[in-house]
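As the structure is a prediction and not an experimental result, all values here were calculated from the model. For ligands, and for the atoms within them, numbers begin at 1 and follow the listed sequence.
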Amino acid sequence: MFVDVGFACIFRRYGVIGMVKTYLNFIDGKWVRSSSGKTFDNMNPATGELIARFQAGTREDVKKAVKSAKNAFPAWRETPATERADILLRSSLILEKRKEELSRLMTMENGKILSEARGDVQEAIDMFQYMAGEGRRLFGETTKSELRNKFCMSVRDPIGVVGMITPWNFPMAIPAWKIAPALVCGNTIVFKPASDTPLSVMKLAEILDEAGLPKGVLNVVTGSGGVVGKEIVENQGIQHLSFTGSTEVGREVYVGGAKKLNSVELEMGGKNPQIVLKDADLDLAVQGALWGAFGTSGQRCTATSRIIVEKPVLKKFTEKFLRKTRGIRTGNGLKKGITMGPIINGGQMTKILGYIETGKKEGAKLLLGGRRLSGKEHKRGNFISPTVFGKVTKSMTIAQEEIFGPVTCIMEAKDFMDAVNIANSVDYGLSWSIYTRDVNKAFKAMELAESGIFYVNAPTIGAEVHLPFGGVKGTGNGGREAGTTGIDEFSEIKSVFVDYSGGLQRAQIDNK
Ligand code: NAP
C-alpha cells in the first residue's frame with residue numbers, strides 16, 4: 001500500500017469536508033516514512049483546503065534513495081533499451097486511462113484550469129510515448145577511420161544515478177520530460193518534486209511501479225529545497241543533476257554540481273516578448289498575447305510578459321487586447337466557464353503584488369487589474385486579476401524581471417529593429433514570438449532573437465515534446481530538454497575503435 005490514510009479530518013466553519021491522505025516517500029520500490037517523522041501540508045490554492053500531507057524528507061532519506069538507485073543501476077543498465085521502453089509505453093497507457101482523474105487532482109494541487117491540467121498530463125503521455133520510441137534508436141555514429149582496417153563508431157552509455165529537482169508550474173509534464181529520457185537511456189533516479197505540487201509526481205511513481213519498473217530505479221523524496229534539494233545537489237553518489245526552476249536556485253545547483261564535477265542541466269526563468277508589427281493580423285496577435293500572458297495565470301517560464309507593439313498599431317492593439325482581457329473569468333479551475341486559475345501560494349501572490357506596486361511607482365500606466373480578488377468566489381484562494389500595464393519602457397523593473405504571474409507589459413516600438421532591440425534587452429532568453437505577414441522580417445527576427453524557442457504568428461507558449469526545449473542567457477546553461485537533445489542530456493558518449501589489421505597501427509597523431 002503506497003498511501004497511509006491518516007485520520008486527520010478537515011474542520012471548517014461549515015464542518016468536516018474530508019479525510020486527508022498522508023503520502024509516503026518512494027525508496028527502493030517501497031512506500032516509506034521519512035526519518036524526520038514529520039509531514040508537510042499541500043493546499044489547494046483556489047480554495048485554501050488541505051489536499052494531502054507529504055513526508056518532510058531529510059538528508060538521510062536522500063542518502064537512502066541514492067543507495068537504492070546505485071544498487072539498481074547495474075541491472076537496469078543491462079536491461080535492453082527496448083525493454084526499458086516497454087515500461088514507458090505501458091506507463092503512458094495507464095496515464096491515458098487515468099487522465100481525467102489525474103487532471104482533476106492536478107487542478108486541485110496547482111490551481112491551473114482543468115483543460116490546462118489535461119494538457120499537462122497529455123504532455124507526460126506524449127513524452128513517455130516519444131521516449132519509448134527512442135528505445136529502438138538511441139543512435140550513435142559510425143564513421144571512417146583515418147587508418148586502414150580499423151572501424152570507428154560512437155555508442156551511448158547511461159550516466160548513472162541522476163538527481164532531479166522540479167518546479168510546481170507543470171507538476172507532471174516537467175517531471176515526465178526528465179524521467180522518460182533518463183529511464184530509456186538506462187539511468188536510475190533520485191527525484192525531488194516541488195513542495196507545492198508533489199502529488200502529481202507521486203502518481204507518476206505509482207504508475208511506473210504498476211507498469212513494472214524494477215525497484216530502486218526511480219526514488220522519490222519529498223521535502224524542502226533547502227534540505228532534500230541541497231542533499232541531491234551535494235550527494236557524491238549522484239553523477240548528473242537535472243534542474244528546472246528559478247535562475248536564483250539554478251545558479252546554486254550549478255555551483256553545487258560543479259564542486260563534484262557533475263554535468264548539470266538547468267532550465268530556468270524567462271521574460272518572453274511577443275512582437276506585434278504594423279502589418280500583423282491584429283485579432284490573431286491579440287488572441288496569441290491573451291493566451292501567452294494569462295495561460296496558467298502567467299505562471300509559465302514561457303509566459304508573454306512583454307508585448308512589444310509597433311507604434312502605428314499600438315492604440316488599436318491595446319484597445320482590442322484590453323477588451324478581450326476583461327472577458328477572462330478567474331476562479332476555481334474545476335468549475336465550468338473559469339478561464340484563469342489562482343496563484344500557487346501566498347508568498348508568490350505577495351511577490352506579484354509587489355511587482356505591480358513597483359510598476360506603478362516607476363511610471364508605468366496600470367491599464368487593467370492590478371489587485372487581489374477577494375469576492376465570494378475568491379476570498380479563500382490566492383487570486384490576482386489579469387493585469388495589463390501600458391507605457392512600459394525597457395529599463396523598468398517590470399520589463400526586466402520575471403514576475404511569474406498574470407501581469408503583462410505593453411511596450412511601444414518605433415520600428416522593427418527597435419522592437420528586436422527591446423525584445424533582446426533582458427537577461428533571459430527562453431521564448432520569442434513575432435506577429436507579422438512579412439516573411440523577410442519574420443526570418444530576420446528569427447536570426448536576431450536571443451532565445452531558445454521562436455514562434456511566428458503563434459504565442460510564446462506551446463512546446464512540442466519532439467523538439468528541443470531550453471533557453472539562452474539567464475534561462476539555461478547550454479543544454480536542451482525533450483526531442484533527441486533530451487537523450488543527449490541523459491547519456492554519455494563513448495567512442496569505439498576496433499583495429500582488425502592484426503598489427504600495431506599508430507594513429508596519425510603519432511606518425512607525423
Ligand atoms: P524554485 O523556487 O527555483 O524551485 C524549484 C525547485 O528547486 C523546487 O523543487 C524547490 O523546492 C527546489 N529548491 C529550492 N531551493 C533549493 C536549493 N537551495 N537547493 C536545491 N533545490 C532547491 O522555482 P519555482 O518557484 O518552483 O518555479 C518557478 C520558476 O521555474 C520560474 O523561474 C520559472 O521560469 C522556472 N521554470 C523554468 C522552466 C524552463 O523550462 N525553463 C519551466 C518551468 C518553470 P521547494 O519546492 O521545496 O522549495
Nearest-option assignment for atom 20 (C) of ligand 1, heavy atoms, candidates G269, G270, G229: G229

Is [X] in polar range of ligand 1, meaning some N or O pair under 3.5 Å apart?
X	result
T247	no
W177	no
M268	yes
S246	yes

Where is the nearest protein heavy atom to [atom]: which residue, which atom, and how far?
atom	value
atom 27 (O) of ligand 1	P167 CB, 3.2 Å
atom 32 (O) of ligand 1	E402 OE1, 2.7 Å
atom 26 (O) of ligand 1	W168 CD1, 3.1 Å
atom 47 (O) of ligand 1	S195 OG, 2.6 Å
atom 18 (N) of ligand 1	E252 OE1, 3.1 Å
atom 19 (N) of ligand 1	G225 O, 3.5 Å
atom 36 (N) of ligand 1	C301 CB, 3.6 Å
atom 15 (N) of ligand 1	V249 CG1, 3.7 Å

Side chain to side chain donor-acceptor pair (under 3.5 Å) between D120 and S103, worked out: CA-CA 8 Å; D120 198 312; S103 306; over 6 Å; no

F469: partners by ring-ring contact (aromatic ring centres under 6.0 Å, His included), with sequence neighbours left out: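 By the ring-ring contact (aromatic ring centres under 6.0 Å, His included) rule, F469 matches W177.
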
[X] heavy atom under 4.0 Å from ligand 1:
X	result
F170	no
G471	no
G256	no

Please check: side-chain N/O of [X] versus main-chain N/O of [Y], any donor-acceptor pairing under 3.5 Å?
X	Y	result
T166	P175	no
Q400	K394	yes
N25	R33	no
T197	E109	no
T330	P386	no
R118	K99	no
S431	T460	yes

Could you list which atoms of ligand 1 come closer than 4.0 Å to a heavy atom of [X]?
X	answer
I165	6 (C), 7 (O), 9 (O), 12 (C), 20 (C), 21 (N)
K230	19 (N), 20 (C)
S224	47 (O)
G223	47 (O)
I174	42 (C), 43 (C)
K192	9 (O), 10 (C), 11 (O), 12 (C), 45 (P), 46 (O), 47 (O)
F404	28 (C), 31 (C), 33 (C), 34 (O)

[X] contact mode with ligand 1 (heavy-atom cut-off under 4.0 Å):
X	result
V228	neither
Q348	neither
N169	side chain

Among V264, N235, V162, I165, the one residue meeting side-chain contact (heavy atoms from CB on, under 4.5 Å) with L241: V264

Atom 4 (O) of ligand 1: any protein heavy atom closer than 4.0 Å: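 Neighbour list for atom 4 (O) of ligand 1 is empty of protein heavy atoms (cut-off 4.0 Å).
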
When you check the side-chain N and O atoms of [X] and [Y], is any donor under 3.5 Å from an acceptor?
X	Y	answer
S36	T58	no
N272	S305	no
R156	S491	yes
Y355	E401	yes

Six-ring centre of F170, K112 cation under 6.0 angstrom, axis tolerance 45°: yes

Partners passing salt bridge (charged side-chain N to carboxylate O under 4.0 Å, His left out) against K64 (at least two apart in sequence or in another chain):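 Partners of K64 by the salt bridge (charged side-chain N to carboxylate O under 4.0 Å, His left out) criterion come out as none, since no residue qualifies.
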
